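Values in this document were obtained by computation on a predicted structure and should not be read as measured data.
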Amino acid sequence: MKYLLNKMRKIYRNSRISQKLFLSFSIMIVIPAIVVSILFIRIQETQLYKDAMSTGSSHVSRLNEQLRSRMDIIENASSTALTQKAFVDFIHSNMIEDGLRLVKFRQNQFEQMHNIIESHELISELSFYVDNPNLYEIWPEIYHYDKFWPQDYWVTLRDEGGAAYSIFALQDGEHTLSYYRLVRLQGQQHLRPSIMEIRVKHSVFFSDLLEETGGDFFSVVMDGNNPSKYVYNPQHEFSQNAGENLNEIFSNIHGQLDVLEQNSPIKVNVGDNTYYAIYRYIAPLDAYVVDIASHQVLMKGPRSWYLLVVAITLCVLLLIMLLVSHTTRRIFRRLDSVLSSMRKVRKGQLDAKIDTGLDDNETGDEIDEVAVNYNKMLDEVQQLMTQVVDKQLIAKNAQLHSLHSQINSHFLYNALESIRMLAVVERQPAIADALVSLGSLLRYSMKWRSDTVALSEELANIQSYIQFMNFMEGRNIVLSADLPEQVLRYTIPKMCLQPIVENVVHHAAPLGGSVHIVITVRIENNNLLLIEIFDDGAGVDPNMLASLQDVLQGDSDTPIVASKNGLGLENVHKRLQLHYGKGCGLWVDSVQGKYTCVTIRLPWENVNLGGW
């Protein structure tokens, strides 16, 4: 998280001012507008949900009242039928005994009962199932009880008060509702009381429910005990859209139906969709009238509002971007000229001044003030650079004059070579070798093709110096520098090792004494090249060592002064730090009477090694 915040902070810092203004306007205007719009849409969704649930509840109540009204019609028709005592008595008598009575029954009681059935458009069939061995089955309204199924259903009717509904008729009832009622005869006890059945087609009884093909709510009548039995219109838009998920929707809703909680909507999730259900329990039918609605359908209005909010937001952002772009172009046009001039100056064009267009008496605004001061700064920089160049030319001319006034280097080399040849002729090899070493020292010191040399060249010069000093002062100084070939090719500042070796020669051993110098290199942290010059000489006095280490740990920006400690290392250290930074330079470690080790710290990358 911290890394991400730092990354975003850097991106913001490096962005243009116009982009920052655009971001600020967006945060101040667009985000609050989006939040307010989303809250408004959520409030609308909540209100829409409440209105939909209220509409659904009213629709369910209306269906409940319609069904109950039709149930009253069926119950009244059954009561009217049972008032035909002569019909009931006859079908429980010996109908086969007298054919004349049967004809009269057909013309009177049966015709009256048939008229009762015909007078009710709701009723499709009315049948009696009679436990009478002498029953004569010649009409579709009268059957022997053996034709009824299940045989013991009269016990259920007796326990429920003598009457009961079945949404699906017990016999061939896939699309038929039936009303069953016990028929009791006074003065007679039958083992199995007769049953009257009134059958009503679903298309008639549930006509309002089955005729609806559209709307937000989908009406279903579900059997209270059997979740696999329900009445609905398969042509309804909801049914068509649900497809194979319809049975799963019914099953999930049926599992949450509760008579005591029928005022609370049900929410179920099937697949990626959410559904709401409102229901009423119809006790006589032992069934539920359920209205189902899809959340996606109910909220299709607010969902389209989301798209509208997004479109409006994008338009506002576009307008803000255009406004910010136009404004910043007008405000920062002159600032762009300042930035353009700065870029040119960075490329070396010091004459890239800013045209302010101001008169002598005009001051202008803040940007004009910056431009005027910037032009003055360029003038001062050019003047300073001219002074520096002049000083360098004067110093160079003085140096050249001094060199011309000295002995010609070629004459000096030729003279040394002549003396060496004479020493060879006179058979003085020590003098000849000393002259070769002195010539190498002079040639290395006087020829400066560049400010850097290969480490191998510096080591060769040191070797010549040691050979010459051994000859001049009769010393026994040994130099060991067994370095890898790759390191020998690395460039280092010229004459950075020479002063250190001179200190060893002059201070590490007395005249005529011996000392061993070992030069090694190593890499530290993959970014520093450490060159160590170790000698086993007299070492450094502790007080002088402490003073020298204080100087080496000091500020590299302090002026360079002549050495006070006699070791002459401060100049090398400060020059290295001035060019390579405080991470580079010298460090001295010594134990008096045992050893001294001087470490040179340089950048490991060869491309960073430069001169003084």
request  = Applying side chain to side chain donor-acceptor pair (under 3.5 Å), name anything that partners Ser590, two or more places apart in sequence or on another chain.
outcome  = Thr596

query = Who pairs with Asn245 by side chain to side chain donor-acceptor pair (under 3.5 Å), at least two apart in sequence or on another chain?
reply = none

Pairwise side-chain contact, [X] with [Y], heavy-atom cut-off 4.5 Å (strictly under):
{"X": "Met342", "Y": "Tyr374", "result": "yes"}
{"X": "Gln382", "Y": "Asp379", "result": "yes"}
{"X": "Leu488", "Y": "Leu459", "result": "yes"}
{"X": "Asp589", "Y": "Tyr595", "result": "yes"}
{"X": "Leu39", "Y": "Val35", "result": "yes"}
{"X": "Val518", "Y": "Asp535", "result": "no"}
{"X": "Val588", "Y": "Leu552", "result": "yes"}
{"X": "Asn470", "Y": "Asn476", "result": "no"}

message = Could you walk me through whether Leu530 and Val521 satisfy the side chain to side chain contact (heavy atoms under 4.5 Å, CB included) test, starting with their C-alpha distance in whole Å, then the side-chain angles of each, then the deciding distance to 0.1 Å, before giving a yes or no?
response = CA-CA 6 Å; Leu530 304 186; Val521 297; over 6 Å; no

Quick check for you: to the nearest 0.5 Å, what is the distance between [X] atom [atom1] and [Y] atom [atom2]?
{"X": "Glu380", "Y": "Gln383", "atom1": "CD", "atom2": "CD", "value": "7.0 Å"}
{"X": "Asn543", "Y": "Gln592", "atom1": "CG", "atom2": "CD", "value": "9.0 Å"}
{"X": "Arg522", "Y": "Leu529", "atom1": "CZ", "atom2": "CG", "value": "10.0 Å"}
{"X": "Asn373", "Y": "Leu378", "atom1": "CG", "atom2": "CG", "value": "11.0 Å"}
{"X": "Gln256", "Y": "Ser264", "atom1": "CD", "atom2": "OG", "value": "11.0 Å"}
{"X": "Ile492", "Y": "Leu602", "atom1": "CD1", "atom2": "CG", "value": "7.0 Å"}

key: Full working for side chain to side chain contact (heavy atoms under 4.5 Å, CB included) between Asp541 and Leu545   = CA-CA 6 Å; Asp541 178 75; Leu545 178 64; over 6 Å; no

query = Would you say the side-chain atoms of His573 pair up with the backbone N or O of Gly585, donor to acceptor, closer than 3.5 Å?
reply = no

Can you name the closest pair of heavy atoms from [X] and [Y] and give their distance?
{"X": "Gln498", "Y": "Glu458", "value": "N-OE2, 3.4 Å"}
{"X": "Thr520", "Y": "Leu483", "value": "CA-CD2, 3.9 Å"}
{"X": "His516", "Y": "Ser480", "value": "NE2-OG, 2.8 Å"}
{"X": "Leu479", "Y": "Gln463", "value": "CD2-OE1, 3.3 Å"}
{"X": "Lys267", "Y": "Thr274", "value": "CE-CG2, 3.5 Å"}
{"X": "Leu298", "Y": "Ala52", "value": "CD2-CB, 3.8 Å"}

task = May I ask you to check whether over 12 heavy atoms, not counting those of Asn6, lie within 6.0 Å of atom CG?
result = yes

message = Is a donor from one side chain sitting under 3.5 angstrom from an acceptor on the other, for Gln549 and Gln553?
response = no

ask   = Taking atom types as modelled, is there a side-chain donor on Asp51 or Gln47 under 3.5 Å from an acceptor on the other?
value = yes

query = How would you list, by chain and number, every residue that makes a ring pair (Phe, Tyr, Trp, His ring centres under 6.0 Å) with Tyr276, sequence neighbours excluded?
reply = Tyr49, His295

key: Stepwise side chain to side chain contact (heavy atoms under 4.5 Å, CB included) check, Ile523 with Leu528   = CA-CA 6 Å; Ile523 308 302; Leu528 287 177; over 6 Å; no

inquiry  = Applying side chain to side chain contact (heavy atoms under 4.5 Å, CB included) to Gln296 and Asn273, what does each step give before you reach the verdict?
reply    = CA-CA 7 Å; Gln296 285 71 15; Asn273 297 321; 3.6 Å; yes

